[in-house]
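Report on one structure; see the data block that follows.
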Amino acid sequence: MRFTAIEADVRAMVTDPRWTALPLQSRTHAIASRALATPDGGRWIFGAHARWYLQDPGDGRWHLTAPPRHCPARIEPHTGVLLPHLVPRGPDFALSGWSSQAFVGPDVPSALTSEIRALVRANGRRSADEFPLSSFREVFAGDVPGTVAAIWATIMWCAYAPAFDGNEQLLSVFGEYLGRPLPGDEWVRWLPSPPLTALVTLYGERVRAGAPRAALRLAALMADTAGILAADARFAPRAQALIAMLEPSLRNPVLDHQTATGPLPAYRPPLAPQTLATGPLTPPPVHRDTAFPPPTVAESPGRATTGHSHETSGRATTGHSGQTSGRATTGHSDETSGWTPGHSDETSGWTPGHSGATSGRTGADRSRAVPQWAPSTDPREVARTAAADDALRWTWLARVPDRLARAVLAETDPGEHLRHTVGDLLEAVAFSPDPHRTAGALLAADHADTPEGLPTVAAWLDHRLRHALHTQLAAPRGDTTEPDGFEVGPRWLDAVPPTREGAAAVLGAAYASGLAWCRLTGTSVPGNGFPGAAAIVHRLIHERDDPHLNH
């Protein structure tokens, strides 16, 4: 119980308004004086982002991990150096309501799905010439407008772990627009998490094409979609972060035009493949190093704040996609006012319950003329456009407030993002007698057949989890068993999640961890899911929310 008591003490201290006014030295001392020691030699602090950190006895690094809450511990003040990034700043303790559950088991609330359906129905018949499909061309048919892609992109980007039940109604909304089957198997749609650049490109392309009103509508659709998603804890943190990015542009429509159009940097030859990594490939900072870690964009002193533009006085802020002053304030386009919830004729190409084995596009749909818009293939133009979108991406990220910085770590610091997702996984498997062994087994399942990125991944893990991971990889593979209908290999899990919600949290955290290490190492995301996350599915498929399946 000592861990719980220290956690409560530090939370009360950091959330006190006076905390941010204290000098760094005082804040560092307050955290170091509350360090814990366990009988096995572990040294722990409760620090930044309201997370526990364990010191590596070998090199002194502090690694984000989950504590053994029922293990006896004593207060033993830390007398060494604590790097500033381990010390809470205050706003980083404000994020609450985070959920690591996937969308398998507990469904997306029907009210949320209905609101998304209203947006799609209102914007799905727009001209693909006015809103070309500049992103997600691999997902949708060629004649689908970018407005649909903007809604889809927001859903996938905001999702903590975009693994969906194959019968999930939210996906069925997009059935008639798909150009090919979604990745996955008969039970789960294992969807990739798109980078923020995919959303930025939809907006930036329209600005560069001289269509600012279309760009504004796309940004408004993203904000409206995020506003709807924020009601579900599995979307909420990133949805709030996306709204913070977009609101300044919605209040001042020309705010981002200069960034999106130039001046652009001169053309440079493509870099060698090894320099195009998606994140830092170096391990976390070492304890003895006194240098400050590179600041994330959320810590930039020149960051713009949200909600302060004077150019929109009198503009309603509860909705974005309607561009007239008299529009409704429900957060939806005024074009949806005649829509009746539950009406599904426009999604009949992919009926609810369909496993997604086909794309849902009918022959008549495919015969429609496909717009001739296509991205430039000139390498100079491609490079300049990519540079503009990257600049715009960082401009958006700079608007994310400190309290939501963790929600965008995947964009700003892939290594730290991996640490947090693995920390979520350790919390999710707290039911296990040995959470590190269980989490290590799930990670080992992912890397058993793709060991190339393992050294990079292991560098970001605490020493106990690294040991468990290598132990599991070295063990001989066993046969799968099926206790209580839960298919699992003996090397993977030593305990079954006790509840459906708990199993959904393990599945979500395991899948998010897989996406995180793929982003860190530049590895392609497997279309059939990660073995570790897939091992949880059979705990959930027999307990769906669909009343027709639970009888």
Side-chain angles (χ1 to χ4, degrees), residues 11 14-15 17 19-20 47-51 64 85-101 153-162 193-200 219 222-251 255-256 279 293-309 317-318 320 331 392-421 423-424 508-509 512 515-516 519:
R11 282 185 183 277
V14 173
T15 55
W19 176 261
T20 55
H49 300 288
R51 291 287 203 170
L64 186 157
H85 75 285
L86 296 170
V87 181
R89 289 174 290 108
D92 55 321
F93 268 51
L95 185 60
S96 61
W98 192 283
S99 172
S100 68
Q101 288 185 353
T154 302
I155 293 172
M156 296 304 150
W157 188 84
C158 291
Y160 174 85
S193 182
L196 183 62
T197 304
L199 284 74
V200 167
M222 295 176 194
D224 275 351
T225 304
I228 295 169
L229 298 175
D232 190 313
R234 295 168 289 186
F235 294 111
R238 290 177 184 168
Q240 294 169 15
L242 185 58
I243 291 171
M245 296 183 211
L246 294 170
E247 278 191 338
S249 296
L250 295 171
R251 298 183 182 196
L255 181 63
D256 289 331
T296 65
V297 69
E299 296 170 336
S300 301
R303 184 180 73 256
T305 57
T306 61
H308 65 277
S309 173
T317 60
T318 54
H320 307 291
L392 183 57
R393 168 180 170 269
W394 283 109
T395 298
W396 284 13
L397 286 168
R399 298 169 183 162
V400 177
D402 283 347
R403 65 182 180 83
L404 295 171
R406 179 185 156 198
V408 295
L409 277 176
E411 302 288 340
T412 61
D413 194 337
E416 283 296 319
H417 175 60
L418 173 65
R419 281 174 136 185
H420 279 274
T421 56
D424 292 338
L515 295 176
R519 177 168 293 200

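When reading the values below, keep in mind they use all heavy atoms of this one structure, side chains included, and skip hydrogens, waters and symmetry mates.
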Give me the atom names and distance for the closest heavy-atom approach of [X] to [Y].
{"X": "R403", "Y": "A94", "result": "CB-CB, 3.8 Å"}
{"X": "P195", "Y": "W157", "result": "C-CD1, 3.9 Å"}
{"X": "S249", "Y": "L255", "result": "N-CD2, 4.0 Å"}
{"X": "P237", "Y": "A233", "result": "CD-O, 3.7 Å"}
{"X": "G423", "Y": "L64", "result": "CA-CD2, 3.8 Å"}
{"X": "F93", "Y": "P88", "result": "CE1-CB, 3.5 Å"}

For the side chain of [X] and the backbone of [Y], is there at least one donor-acceptor N/O pair under 3.5 Å apart?
{"X": "R238", "Y": "A159", "value": "yes"}
{"X": "E411", "Y": "L397", "value": "no"}
{"X": "R399", "Y": "M245", "value": "yes"}

With a 4.5 Å heavy-atom cut-off, do D232 and S99 have their side chains touching?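 In short, these two side chains do not touch, never coming nearer than 4.5 Å.
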
Would you call D402 and D92 a side-chain contact if the rule is heavy atoms closer than 4.5 Å?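 Counting from C-beta outward, D402 and D92 never come under 4.5 Å.
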
To the closest 0.5 Å, what do you measure between [atom1] ([X]) and [atom2] ([Y])?
{"X": "M222", "Y": "C158", "atom1": "CE", "atom2": "SG", "result": "10.5 Å"}
{"X": "L246", "Y": "L199", "atom1": "CG", "atom2": "CG", "result": "8.0 Å"}
{"X": "W98", "Y": "D424", "atom1": "CH2", "atom2": "CG", "result": "7.0 Å"}
{"X": "L418", "Y": "L409", "atom1": "CG", "atom2": "CG", "result": "11.0 Å"}

Could you give me the CA-CA distance, side-chain angles and deciding distance for R406 and R51, then say whether side-chain contact (heavy atoms from CB on, under 4.5 Å) is met? CA-CA 11 Å; R406 179 185 156 198; R51 291 287 203 170; 2.8 Å; yes

Using side-chain contact (heavy atoms from CB on, under 4.5 Å), reason through L229 and L242 one step at a time and then give a plain yes or no. CA-CA 11 Å; L229 298 175; L242 185 58; over 6 Å; no

Between I228 and F235, does the side-chain contact (heavy atoms from CB on, under 4.5 Å) criterion hold? Intermediate values first, please. CA-CA 9 Å; I228 295 169; F235 294 111; over 6 Å; no

